[in-house]
Amino acid sequence: MTDDERDRPTAHALLADGTTVCIRSVRPGDHQQLRGLYEEMSPENLRLRFFAASRRSADLAADRATAPARPGYRALLAETQGQAIGLAEYETVDGPETAEMSIAVADGLHHRGVGTLLMEHLVSAARADGVTTFTADALSENHEVLRLFADLGLRAARRFEGPEVRCTIALDEDDTYLTAVEARGRAADVVSLEPLLRPEAVAVVGAGRKPGSVGRALLHHLHAGGFTRRLFAVNPHVSSVLGVPSYPSVSALPKVPDLAVLATPADALPATAEECGKAGVRALLVVTAGLSPDQAKALMTACRTYGMRLVGPNCLGISNTDPQLRLDATFAAEHPRPGTAGVAVQSGGVGIALLDGLSRLGIGVSSFVSLGDKYDVSGNDMLQWWESDGRTDLALLHLESFGNPRGFSRTARRVTRRMPVLTVDAGRTEAGRRAAASHTAAAATRTMTRQALFTQAGITATRSVGELLETAALLHSQPLPAGTRVAVVTNAGGAGVLVADACAEAGLSLPAPTQELIDDLLAVLPGGTAVGNPVDATAAVTEDQLRDCVERLLRSPGIDAVLVALVPTAVAVATGDDLVRALTDGPGQRERPVAVVRLEQDLPVKLLPAREGGAIPSYAEPVAAARALSHAARRTAWLNRPAGTIPELVEADRARAHAVAETYLATHPDGGWLDPRTCAELLSCYGIPQLPWAWAETEDEAVIAAERLRGADGRVVMKAQWPGLVHKTEQHAIHLDLEGDSQVRAAFRDFETRFAGLMTGVVVQPLAARGTEMFAGVTQDDVFGPLVLFGLGGTATEVLADHAARLAPLTDRDVHDLITAPRCAPLLLGTHGSRPADLQGLEQLLLRLSHMAGDLPQLAEADFNPVLATPAEVTVLDARVRLLPRRAQDPYLRRLR
């Protein structure tokens with residue numbers, strides 16, 4: 001460990017009981033702390049740690065951990081409120097890939113997850129340093145440490161040597177390990193949120209006497225909402241506010257509150273948060289806005305120092321409608337209706353709209369959190385809470401930013417298999433990063449990146465709050481359709497046409513009825529009925545006839561859902577028929593989904609209660625109904641598909657790839673575009689197939705290279721090269737179809753004349769065979785990590801923008817989706833009798849690109865355009881790679897924001 005590494009920022013993380021600890025590198029000034037850690041250990045624990053109960057061993061251990069930085073050694077300290085509670089360390093032995101490790105935890109803190117958390121952070125640090133294996137010696141009677149190693153989720157082996165056990169731990173980051181880390185993190189996270197969402201006592205700090213103040217509104221909502229636990233106000237000027245007892249300070253309260261609601265001015269927040277922490281408060285809700293950077297830092301320091309979870313600042317509040325609690329710490333106009341939808345938003349306005357809409361629909365809310373500026377508690381936290389609270393069956397999110405998208409994605413993939421997770425894809429018109437760096441950077445926008453995240457995680461992404469509520473109504477009230485086949489029934493032909501158009505535009509299909517179904521429907525419908533799809537039952541259809549028609553359609557094996565478009569008619573009024581009752585006079589939820597479109601409806605969506613329980617969604621617009629059904633069908637498809645696995649890439653030479661990157665950055669500390677030779681070497685580390693090429697710096701060298709590389713038709717291609725050149729076609733820096741020495745010489749002279757002072761040489765390649773030109777690339781997003789893109793290549797790449805994107809690491813399913821998603825996919829699959837391209841070769845190319853991006857955090861961009869796909873092979877004709885000096889970040893390491 002170097003001195004620079006000792007200066008790395010600290011990480012805060014949660015123990016198994018939900019308390020917060022700080023994990024950081026040991027510094028020379030920690031010697032006294034570490035001596036104290038060992039001195040307070042019992043003789044028995046000292047013996048288990050050092051194989052002897054000698055205090056001298058403790059002194060030597062503290063000396064070793066705080067000694068001057070040295071290569072191959074790292075020590076991590078766990079502390080809380082400045083007190084060391086654990087130490088984990090390793091030192092390489094017999095080469096840089098194997099390290100001897102040890103761990104110590106303070107007496108009285110065993111079984112709280114200190115050792116496991118330290119091990120996870122030590123494993124992450126070791127991987128970043130190139131260590132692949134830990135070894136450790138333990139006494140065979142030290143069951144706790146042996147269990148710790150066994151339960152990590154890593155492959156561990158034991159070898160008994162007398163009274164000692166030699167443990168060997170492989171540091172591979174496979175799904176088994178990530179799942180184990182995830183499970184520990186989920187359990188700790190949920191426990192840490194208990195004081196926030198199930199508090200035994202709440203104090204509102206800043207509850208003023210003046211009507212209209214936010215603090216007073218929050219206190220009123222808590223009191224009027226019937227909060228069933230103890231409630232206090234903190235106001236030094238009065239003894240009660242709105243009938244709630246008031247005290248001059250948090251420290252003066254008769255009971256330490258689990259949750260403190262802070263509605264104080266920004267300049268008072270740091271001191272108030274500090275007071276709360278010292279008093280033992282375990283969670284803060286901060287509604288105050290307009291914090292300065294210093295105030296924000298002080299607030300977070302207090303929260304981390306004293307282990308308080310934080311919602312906000314600048315938020316609407318939180319709510320838990322559990323009848324046993326009735327917590328409503330918001331300043332919304334109305335109390336939310338109890339129900340089963342979990343809601344987390346960053347925008348207070350969106351939160352109010354969702355609370356109102358869910359209450360109006362009758363779905364209601366299980367818990368609501370307005371995340372505000374999201375300093376701490378995030379959407380990821382709330383997903384894990386809803387997963388375990390026993391009340392939530394529908395999750396609604398409005399997130400404007402992501403702190404750890406890959407961690408969020410992994411959580412969402414798991415939660416979405418248990419309940420629908422819906423979001424509003426906000427900020428779609430943001431002008432993405434269009435810097436003319438490469439085709440990849442031009443193609444990759446923040447919208448595309450978010451959509452890749454949502455698609456891979458199975459999240460239902462809508463385009464507005466209205467669409468979110470429309471979709472939630474269907475998913476809450478109806479079963480999922482098995483597919484996209486929809487039958488439309490109407491009592492007015494024009495309405496049926498509108499619904500049919502909406503379904504087709506939403507990606508749903510309207511299959512023609514079989515003759516058997518036609519005969520079946522005609523037997524129950526009035527004369528003049530047109531039985532196609534839509535089924536025009538005419539204005540003469542009665543309530544009973546419509547009910548029979550819908551039920552027969554639902555029994556048809558070729559139908560996945562039924563949409564009924566109804567308009568009020570004088571005929572129905574005259575006969576006393578209630579066509580809506582034909583749908584609600586029975587079960588609200590059948591085996592297949594049913595929805596209604598009523599063009600005269602006053603609200604965009606309603607849930608119509610059914611006589612036998614449940615409800616049927618009713619929409620004012622055909623587009624809304626079709627969109628909701630389409631979202632439901634996509635959810636079905638996502639649930640039915642295999643989860644996907646990340647294929648191994650055994651033949652990759654990762655060590656050489658790291659060496660290539662480090663060597664380049666050593667001579668180019670600011671990073672840049674690789675020269676052709678370095679680029680080719682990096683690609684060869686991952687077996688990425690490239691068209692043969694040669695480098696030439698003189699006219700004669702170009703002729704010799706062309707002679708050697710000419711294909712069967714004798715023609716070659718010449719490309720000019722200089723540092724920073726990206727778009728060769730735009731610069732007219734490429735000559736095609738060169739035949740004979742004279743044309744090669746003429747091309748070189750042309751480049752030499754036009755690019756005098758710039759050109760450093762040329763690349764000569766054989767003219768490629770005919771095939772489909774594709775584009776593949778990767779760009780590193782500062783927040784989301786590597787994004788892999790694939791689509792139509794050549795000069796039309798940016799003009800047609802026919803691309804798909806997925807976040808790395810790619811699974812086999814992600815690769816399949818990338819290849820089949822672009823509009824040009826039929827060109828690869830074979831059309832009009834042509835043979836399909838080498839699809840396996842394309843899959844391998846994308847997987848290798850994904851692995852390269854995952855292995856090398858320095859890889860800022862890779863741009864392969866064109867990639868030639870033929871039935872025989874896949875070849876990269878032109879490649880550009882840009883490196884930047886970046887360090888790897890472990891997205892799955894347990895740490896708070």
- Message: Do L259 and V281 make a side-chain contact, defined as non-hydrogen atoms from C-beta onward lying under 4.5 Å apart?
- Response: no

- May I ask you to test the D189-W385 pair for a side-chain heavy-atom distance under 4.5 Å? no

- Message: Tell me which pairs pass salt bridge (charged side-chain N to carboxylate O under 4.0 Å, His left out) where either residue lies in residues 293-306, with sequence neighbours left out.
- Response: R304-D376

- Tested for salt bridge (charged side-chain N to carboxylate O under 4.0 Å, His left out) against R49, the lone hit among E44, E89, E144 is E89

- Query: How many angstroms lie between atom CD of Q889 and atom CZ of R895, to the nearest 0.5 angstrom?
  - Reply: 5.5 Å

- Would you please say whether a donor-acceptor pair under 3.5 Å links the side chains of D30 and T66? no

- Would you say S246's side chain and N235's backbone share a donor-acceptor pair under 3.5 angstrom? yes

- Task: Keeping the roles fixed (side chain from N320, backbone from L197), state whether a donor-acceptor pair exists under 3.5 Å.
- Result: yes

- Query: Has the side chain of Q33 got a donor or acceptor atom that lies under 3.5 Å from a matching backbone atom of A84?
  - Reply: yes

- Would you say V287 and L316 make side-chain contact, with heavy atoms under 4.5 Å? no

- Task: Please lay out, stage by stage, how T10 and C22 fare under the test side chain to side chain contact (heavy atoms under 4.5 Å, CB included).
- Result: CA-CA 7 Å; T10 58; C22 172; 3.7 Å; yes

- Message: Please determine whether side chain to side chain contact (heavy atoms under 4.5 Å, CB included) holds for the pair I23 and V21, giving the CA-CA distance in whole Å, both sets of side-chain angles, and the decisive distance to 0.1 Å.
- Response: CA-CA 7 Å; I23 307 290; V21 295; 4.2 Å; yes

- Query: Are T411 and Q384 close enough that some pair of their side-chain heavy atoms sits under 4.5 Å apart?
  - Reply: yes

- Answer yes if the side chains of E173 and Y892 hold a donor-acceptor pair under 3.5 Å, and no otherwise. no

- Task: Scan side-chain atoms only and decide if S192 and R309 contain a donor-acceptor pair under the 3.5 Å cut-off.
- Result: yes

- Under 3.5 Å, is there a donor-acceptor pair between the side chain of T116 and the main chain of G113? no

- R410 versus T179, side-chain donor and acceptor atoms under 3.5 Å: yes

- Distance, nearest 0.5 Å, that separates OG of S124 from CE of M119: 12.0 Å

- Message: For the backbone of L399 and the side chain of Q346, can you confirm whether one donor and one acceptor N or O come within less than 3.5 Å of each other?
- Response: no

- Criterion side-chain hydrogen bond (donor to acceptor under 3.5 Å, both in side chains) against R894, the qualifying member of H121, E182, E120: E120

- Item | Nearest-0.5 Å distance, CD1 of residue I169 to CE of residue M101 | 6.0 Å

- Query: What's the shortest heavy-atom distance between F232 and A201, and which atoms?
  - Reply: CE1-CB, 4.2 Å

- Message: Does atom CZ (R417) have a neighbourhood of more than 12 heavy atoms from anything else shown, all under 6.0 Å?
- Response: yes

- Side-chain heavy-atom pair D381, V190 within 4.5 angstrom cut-off: no

- Task: Ignoring hydrogens and angles, state whether a donor on the side chain of T19 or D17 is under 3.5 Å from an acceptor on the partner side chain.
- Result: yes

- Query: Which residue, L77, L118, T80, forms the side chain to side chain contact (heavy atoms under 4.5 Å, CB included) with I85?
  - Reply: T80

- Message: With heavy-atom distances below 4.5 Å as the criterion, would you say the side chains of S370 and V343 are in contact?
- Response: no

- Message: For V114 and L15: C-alpha separation, side-chain torsions, deciding distance, then whether side chain to side chain contact (heavy atoms under 4.5 Å, CB included) applies.
- Response: CA-CA 6 Å; V114 178; L15 297 181; 3.8 Å; yes

- Message: Donor-acceptor pair, distance only, cut-off 3.5 Å: does the side chain of D389 make one with the backbone of R391?
- Response: yes

- Approximate separation, where rounding is to 0.5 Å, of R198 CZ and L325 CG: 8.5 Å

- Message: Check whether R184 reaches the backbone of L152 with its side chain - one donor and one acceptor, N or O, closer than 3.5 Å.
- Response: yes

- Task: Determine whether L807 and P786 make a side-chain contact, defined as any pair of heavy atoms from C-beta on separated by less than 4.5 Å.
- Result: no

- In short, A207 meets L219 closest at the heavy-atom pair CB-CD2, 3.9 Å

- Taking all non-hydrogen atoms of both residues, which atom of A203 and which atom of L253 are closest, and how far apart? CB-CD1, 3.7 Å

- Query: Rounded to the nearest 0.5 Å, how far apart are CG of L291 and CG of N314?
  - Reply: 8.5 Å

- Item | Aromatic ring proximity, centroids under 6.0 angstrom, F50 and Y38 | yes

- Run the numbers on S251 and K278 for side chain to side chain contact (heavy atoms under 4.5 Å, CB included), then give the verdict. CA-CA 8 Å; S251 57; K278 288 179 178 179; over 6 Å; no

- Item | T423 side chain vs L397 backbone, donor-acceptor pair below 3.5 Å | yes

- Minimum heavy-atom distance Y375-L310, with the two atoms named: CB-CD2, 3.7 Å

- Rounded distance [0.5 Å steps], OG1 in T288 versus CG in L285: 9.5 Å

- With sequence neighbours excluded, what pairs up with T330 under the side-chain hydrogen bond (donor to acceptor under 3.5 Å, both in side chains) test? D328

- Does D322 use its side chain to pair, donor to acceptor, with the backbone of Q324 at less than 3.5 Å? yes

- Message: I need the minimum non-hydrogen distance between C315 and F331, along with the two atoms involved.
- Response: O-CE2, 3.5 Å

- Item | Pair Y90 + Y73: ring centers closer than 6.0 Å | no

- Task: Determine, for E194 against R282, whether the closest basic-nitrogen to carboxylate-oxygen distance falls under 4.0 angstrom.
- Result: no

- Got a salt bridge between R64 and E91, using NZ or NE/NH1/NH2 to carboxylate O under 4.0 Å? no

- For T305 and Q81, indicate whether the former's side chain and the latter's backbone hold a donor-acceptor pair under 3.5 Å. no

- Message: To check you understand the geometry: which heavy-atom pair defines the closest contact between S347 and E400, and what is its length?
- Response: CB-OE2, 3.7 Å

- Item | Non-hydrogen side-chain atoms of E274 and Y306 separated by less than 4.5 Å | yes

